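These numbers were taken from a predicted model, which means no experiment stands behind them. Chain letters run A, B, ... following the sequence lines, proteins first, then strands; residues in each count from 1.
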Protein chains: 2
Amino acid sequence: MVRRQTKLADIARELDVSVGLVSLVLSGKSKENRISDAKAQKVILKAREMGYQINQLARGLRTGRSGIIGLIVADIANPFFGKMARFIENEASKIGYHVMFGSSDENPDKLNSLINIFLSRQVDAMLIVPVKNSLDYLLELKKQPIPVVYIDRYCDGVDEDVCCADNYDGALQLTRHLLKKGYDKIGAFVLDDVLSNNIDRIKGFQAGMADHPSGSNACSVSVIGYDELESQLKPALLKTLDKGCEALFFANNSIALKSIQILNEMGIAIGEDPGLVSFDNPDAFSVSTPGVTCYEQPIELICSRAVKTIYEKIENSEEYVMERRIYKGELIIRNSC
Amino acid sequence: MVRRQTKLADIARELDVSVGLVSLVLSGKSKENRISDAKAQKVILKAREMGYQINQLARGLRTGRSGIIGLIVADIANPFFGKMARFIENEASKIGYHVMFGSSDENPDKLNSLINIFLSRQVDAMLIVPVKNSLDYLLELKKQPIPVVYIDRYCDGVDEDVCCADNYDGALQLTRHLLKKGYDKIGAFVLDDVLSNNIDRIKGFQAGMADHPSGSNACSVSVIGYDELESQLKPALLKTLDKGCEALFFANNSIALKSIQILNEMGIAIGEDPGLVSFDNPDAFSVSTPGVTCYEQPIELICSRAVKTIYEKIENSEEYVMERRIYKGELIIRNSC
DNA sequence: GCCATTAGCTAAAACGTTTTAGCAGTTTTT
DNA sequence: AAAAACTGCTAAAACGTTTTAGCTAATGGC
């Protein structure tokens, strides 16, 4: 384990040229700096021969750019965020960046700790899924001279770029679909986060219910804690079904999957009574019987736009003007209702 | 965006002390270097006041340690690898490390490119899910003075640490379970990778079939290309069912999910005829009806052991001795057979 | 009161790059 | 033939840390 990596100086010594020249050649700046083709070729060959690999730590220190984008999601093990990570990885690599990630577990202190870790690692930009009660931390982050784009959700009170799905539209479409199918009384299940995505989904649901003759009397909304899925979901489901709800509206994949499992265990056959719809489109929805009707978020679009925005902010931070980008997803109709 | 981050020199200037002193204090080396408590306190307070954040690029350059672990999986969007990433993130953070990831898409050239990127970023160690035809690249990597642990699979021909599931045992258990349930003719579906995990799963399957009176005559094995799932799976399924197979054995979650979807679309009710089992335990398996009997890999154990191994190799690379660690998973019996 | 020890600190090199000013020749322009 | 412009390169500073040798002053032992 003693073998050291070759560095510019090693190549320079071998060829008896200056370190600067080697650097110029290998970073593709030969032309602008009038390096002769002959020398340039020699350097390139020798570098290959010696297995030269640039030290990005050194380059980053010197240039002030690490080439790293920090990504903070709620939980990378959640397939929704896993997909996000993947699309972001792809997009970032197209513009020569790489991704460090961290999972906040919807916990503002973890989020803040990740932010600080990423700052100390000199990431060039951050892509963040904000969590509840993190406003102060996010405002603090806003003071830093580094581009940030929020994804999946936004946070009122902090003016920053956002790329996310049209949660209102999604919930509206899902609700209307249920009503069209003739379900009369509907129970919704949402997380207790006072975050844009949740709030918009509730609003969309309620807007959809407004079409119903008896309006909000025909629905119930159960609010569940992110860390309390196990304990709170079963009682909430029972209560909702007891009330006579004929259809269930799940505001995200975690709640839906857990609920379907619970219903399965209780021997309640989903599909007719109760019917159900959900946000997100995990694999499980196309494999379960019946398949679950859902609103699939345009994850790829969100991610590619988010990375593009990052790029624009890095490249010309002066002229760039903030924007909230909201993208419609797709209603996928299966047999669960 | 002009505000620069405070650095050691800024604190030093404010307090009229040397940069070295500030560094020693803030990196917790006051005691060994006999810094007076008074001065140390002053430095700590001033650092907090000025919002000092260490520059890990600079530190890394100087110390030769980046504090980063490189993780290469096949696809972070696959929930199996997503879970892996999450456990590794957790374990790494316990020992003060952070994770950069990359997805190889089972492509050796992408894998190699990621390895080189990580090397140039001076990662302190790599956790790699090897792919087929990557032996040469992996041998090349072995020459580098950096700890590597392979996870999920190993690669014959490269002597390195490995943490993975007992694929042979898993396949054996799944097969025996099918036979015990009275299924007579069984079709297996595996990827075409000549990788340890696949090979061991096939071996385990065949070992299980050896218990059957008519032995290997009672089974068929379909080999599917990773990039060809869409095109190859449906014909393979039809052919297998045509042959009279009463049960299906899927060697991983991607194949299983895709197959179940295809079967659903064709209106073939899984559960009795055909019965089925699969490797891995994605959410979908507990949500589908019937639930899918499967062999769940001990992902958490694999990851925690992998990171511990990394740590040991970093800390005392001299004495460390290589090992292949194989962990048994758990047979989860549901209603699909 | 002298030498040895200790306490508390500083100065400076080093890590591996990038980048710029400018030097010495050569060629072109006038 | 002198001035100007260009060619091809080098030297050296800078990025923000860590770390070590060593300096000065105070303390202790006798």
What's the [atom1]-[atom2] distance between [X] and [N], to the nearest Å?
X: B:Leu26; N: D:dT17; atom1: CG; atom2: P; value: 9 Å
X: A:Leu21; N: D:dT7; atom1: CG; atom2: C1'; value: 13 Å
X: B:Leu15; N: C:dG8; atom1: CG; atom2: C1'; value: 16 Å
X: A:Asp16; N: D:dG8; atom1: CG; atom2: C1'; value: 15 Å
X: B:Glu32; N: D:dA21; atom1: CD; atom2: P; value: 16 Å
X: A:Asp10; N: C:dG16; atom1: CG; atom2: C1'; value: 10 Å
X: B:Gln5; N: D:dT17; atom1: CD; atom2: C1'; value: 13 Å
X: B:Lys31; N: C:dC9; atom1: NZ; atom2: C1'; value: 15 Å

Would you mind telling me which of [options] lies closest to the side-chain atoms of [X]?
X: B:Ile54; options: D:dC9, C:dT17, D:dT18; result: D:dT18
X: A:Val17; options: D:dT10, D:dT17, D:dT18; result: D:dT10
X: A:Arg34; options: D:dC9, C:dT19, D:dG16; result: D:dC9

Criterion salt bridge (charged side-chain N to carboxylate O under 4.0 Å, His left out) against B:Lys132, the qualifying member of B:Asp156, B:Asp227, B:Asp193 =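 Considering B:Asp156, B:Asp227, B:Asp193, a salt bridge (charged side-chain N to carboxylate O under 4.0 Å, His left out) with B:Lys132 is found only for B:Asp193.
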
State whether the side chain of B:Lys110 and the backbone N or O of B:Asp105 hold a donor-acceptor pair below 3.5 Å, judged by distance alone.
->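 Not confirmed, B:Lys110 side chain does not pair with B:Asp105 backbone.
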
With respect to A:Tyr150, which candidate in A:Asp161, A:Leu138, A:Leu127 satisfies the side-chain contact (heavy atoms from CB on, under 4.5 Å) definition?
->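 Answer after filtering A:Asp161, A:Leu138, A:Leu127: A:Leu138.
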
Would you mind telling me which residue lines up with the more 5' stretch of DNA chain D, A:Ser18 or A:Leu61, judged by nearest nucleotide?
->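 Result: A:Ser18.
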
Over all atoms of both residues, closest heavy-atom pair of A:Ile76 and A:Ala85 |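 Smallest heavy-atom distance, with atoms named: CD1-CB, 3.5 Å.
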
Pairwise 5' ranking along DNA chain C for A:Ala58 and A:Asn33, keeping only the more 5' one =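 Checking each residue's closest nucleotide, the 5'-ward one belongs to A:Ala58.
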
At 4.0 Å (heavy atoms only), tell me whether [X] reaches a base, stays on the sugar-phosphate, or touches nothing.
X: B:Leu8; result: base
X: B:Ser23; result: base
X: B:Leu24; result: base

Do B:Gln56 and B:Ser66 get their side chains close enough for a donor-acceptor pair, meaning under 3.5 Å?
->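 Note: B:Gln56 and B:Ser66 side chains miss the donor-acceptor criterion.
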
Among side-chain atoms of A:Asn90 and A:Arg86, is any donor-acceptor pair under 3.5 angstrom?
->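 Side chains of A:Asn90 and A:Arg86: pair found under 3.5 Å.
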
Tell me whether the OP1 or OP2 atom of [N] has a side-chain N or O from [X] closer than 4.0 Å.
X: A:Lys29; N: C:dT19; result: yes
X: A:Arg59; N: C:dT18; result: yes
X: B:Ser36; N: C:dC9; result: yes
X: B:Tyr52; N: D:dG16; result: no
X: B:Lys39; N: C:dG8; result: no

Base of D:dT17 paired with side chain of B:Arg62 (donor-acceptor, under 3.5 Å) =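 Between D:dT17 and B:Arg62, which were checked side chain against base, a qualifying N/O pair under 3.5 Å is absent.
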
